Amino acid sequence: MPRESKVSFIVDTNIIIYDVLEGITPFSRTLGFFFKEAKDHGYTLCITQQILDEVKSILKDILNYSVEVYRDLREYLRKCSSKHHKSHALPLIDSFFKEKHNALSKQKGELSETAFERKRNQLRFLEENIVISIYGANAFTVKDAIRVVENLMRTLMDDYANIYAMCIHRIVKK
Amino acid sequence: MDTFTVSAPSALVLTNEVHSNIDVSEIQQPKFHGDNALKIVEENALYIFNNLNYIFAQYKIKPVLNINELREHIMAETKKQIEDINKRIDEILESKKPIGVKIKKIINILSELKKKDLEAISEIKRFIEHLLVESNIPPVVLGNMRLYLDIDEKLTEKLWDIKLRELQSLLKILPSRYPGRVKQVEKRKKALLEKTLKIEIYREIRPYERNTRLNACVILFYILLNCIDTLDDVHPINLQKILKKSKTLNIEVLNDLNEKLVESLHALIFKIAKYNETEPLLTMRLLSKYTLTFWATMVSTY
């Protein structure tokens, strides 16, 4: 049994947590320890209540931040769509994220270095995500891009509910 | 003169028992009252609205609309629908058609109700999605509500399926081929049908489910009540108006309510996880590789 854990949970190996283990952050190292412990004792993956709470708060943060950025992007595209209804969305998205990065740079003193780096990386991933989605959906006009952004928000909420439920719904049975 | 010695063909005749797997020990010829369903719905509504009042007072929320007025308004609408269903069920029960036909007709009505119930949940889900895209309400509040609704949908479907399976199993009970048994079996089938029709809520799950439902209702009501000026706005809900006003909602109160919802959600999920079923009650679809990569990349920044 994992040491000193009052409650243990089992999580599917092919979900998010498994991927996290490949990264080298303090959070993933802790998870890595539990993963090894759990494997030694025949579980797929066990995490303690403390870690579970951390996972939940991270999921919450990601959802809030991603949707917040996409809501802003949608508003930005909507404003532009009145003038450039059929114009190409990618340059607008590019300028939106440039503005976001600039705004973030101004906050550099207020945020800790880690938090600043995290937000910067997350902004990059969010931009990458929307650009890939636009290419995937072949939605290059502003009008179509708004639809893609809205769908992405819905998908994020859906994923959040799914990952959250997957993390907590299975109780360990040996 | 030939004499015949008639031996009993089977023990069944001697003991005069109906050979079936029906447990008749608890049947006391219950009578189905159409008012039962209405009474339960009224009790639940009263419970939810009373708690709503309590929670609003606790968080010092001042809704624009009088909650009692709203309850009466909603109940008046619901009452009509329930009375209509009750009338249809009573007509079927009182008709002189064979019991099998009655059961089939009632199965059809319950399937209709199941469909309506699930549609109602999907409708709220769509509303939540709309709020996510169009309002400034914290996404995680809506995400948790979405999770709750997923669970509620599965639970509702399961409870209806249990009820329908019970009725379908009644159809499979064969009447005895011995004279005199047919009536007896039919009588018992009728009693079982009436018993099954009573709305039975699973005592194990219901308190958690009700608690969670209540909290989700509070959040939705809070959003709605702060945005609705008159009862006329309730039906049909003026969505654009609500969404426009939802931007001025007190986010702190919403977050507090959200915490309560998450707590209830945990209680409900643990309850479900311990639920003695061969298949888990809560099954979530697997995420796509693309989605997974996105979340993994985002998590790796922590």
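Treat the numbers as computed from the prediction; the structure is a model and nothing was measured.
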query = If you take all heavy atoms of B:Trp295 and A:Leu156, which pair is closest and at what distance?
reply = CZ2-O, 3.6 Å
ask   = Any idea which heavy atoms bring A:Met157 and B:Gly143 closest together, and the distance?
value = CG-CA, 3.7 Å
Between [X] and [Y], is any pair of side-chain heavy atoms under 4.5 Å apart?
| X | Y | result |
| --- | --- | --- |
| B:Glu129 | A:Asp158 | no |
| A:Arg74 | B:Glu134 | yes |
| B:Val140 | A:Tyr160 | yes |
| B:Pro139 | A:Lys60 | no |
| A:Ser66 | B:Met298 | yes |

remark   = Listed by number, the residues in residues 123-131 of chain A that come under 4.5 Å of chain B (heavy atom to heavy atom) are A:Phe125, A:Leu126, A:Asn129
query = Applying salt bridge (charged side-chain N to carboxylate O under 4.0 Å, His left out), which residue pairs with at least one partner in residues 97-108 of chain A are found, sequence neighbours left out?
reply = A:Asp72-A:Lys100, A:Asp94-A:Lys98
Quick check for you: to the nearest 0.5 Å, what is the distance between [X] atom [atom1] and [Y] atom [atom2]?
| X | Y | atom1 | atom2 | value |
| --- | --- | --- | --- | --- |
| B:Thr301 | A:Gln122 | OG1 | CD | 4.0 Å |
| B:Leu132 | A:Tyr70 | CG | OH | 12.5 Å |
| A:Leu152 | B:Phe294 | CG | CZ | 8.0 Å |

message = Is A:Arg71 in contact with chain B via its backbone, its side chain, both, or neither, using a 4.5 Å heavy-atom distance?
response = side chain
message = I'd like to verify something: which residue of A:Asn64, A:Ile132, A:Val67 has the highest number of heavy-atom pairs under 4.5 Å with chain B?
response = A:Asn64
remark   = If you tally heavy-atom pairs under 4.5 Å between each of A:Val149, A:Leu63, A:Ile62 and chain B, the highest tally belongs to A:Ile62
request  = Count the heavy atoms belonging to other residues, nucleotides or ligands that lie under 6.0 Å from CD of A:Glu113, then report whether that count exceeds 12.
outcome  = no
inquiry  = Please determine whether the number of non-hydrogen atoms from other residues, nucleotides or ligands lying under 6.0 Å from atom CD of B:Glu252 exceeds 12.
reply    = no
Residues which pass salt bridge (charged side-chain N to carboxylate O under 4.0 Å, His left out) with A:Glu117, listed by chain and number, not counting sequence neighbours = A:Arg120
key: Sequence-distant partners of A:Asp144, salt bridge (charged side-chain N to carboxylate O under 4.0 Å, His left out), two or more places apart   = A:Arg147
Heavy-atom pair count under 4.5 Å with chain A, highest-scoring of B:Val141, B:Asn136, B:Val262 = B:Asn136
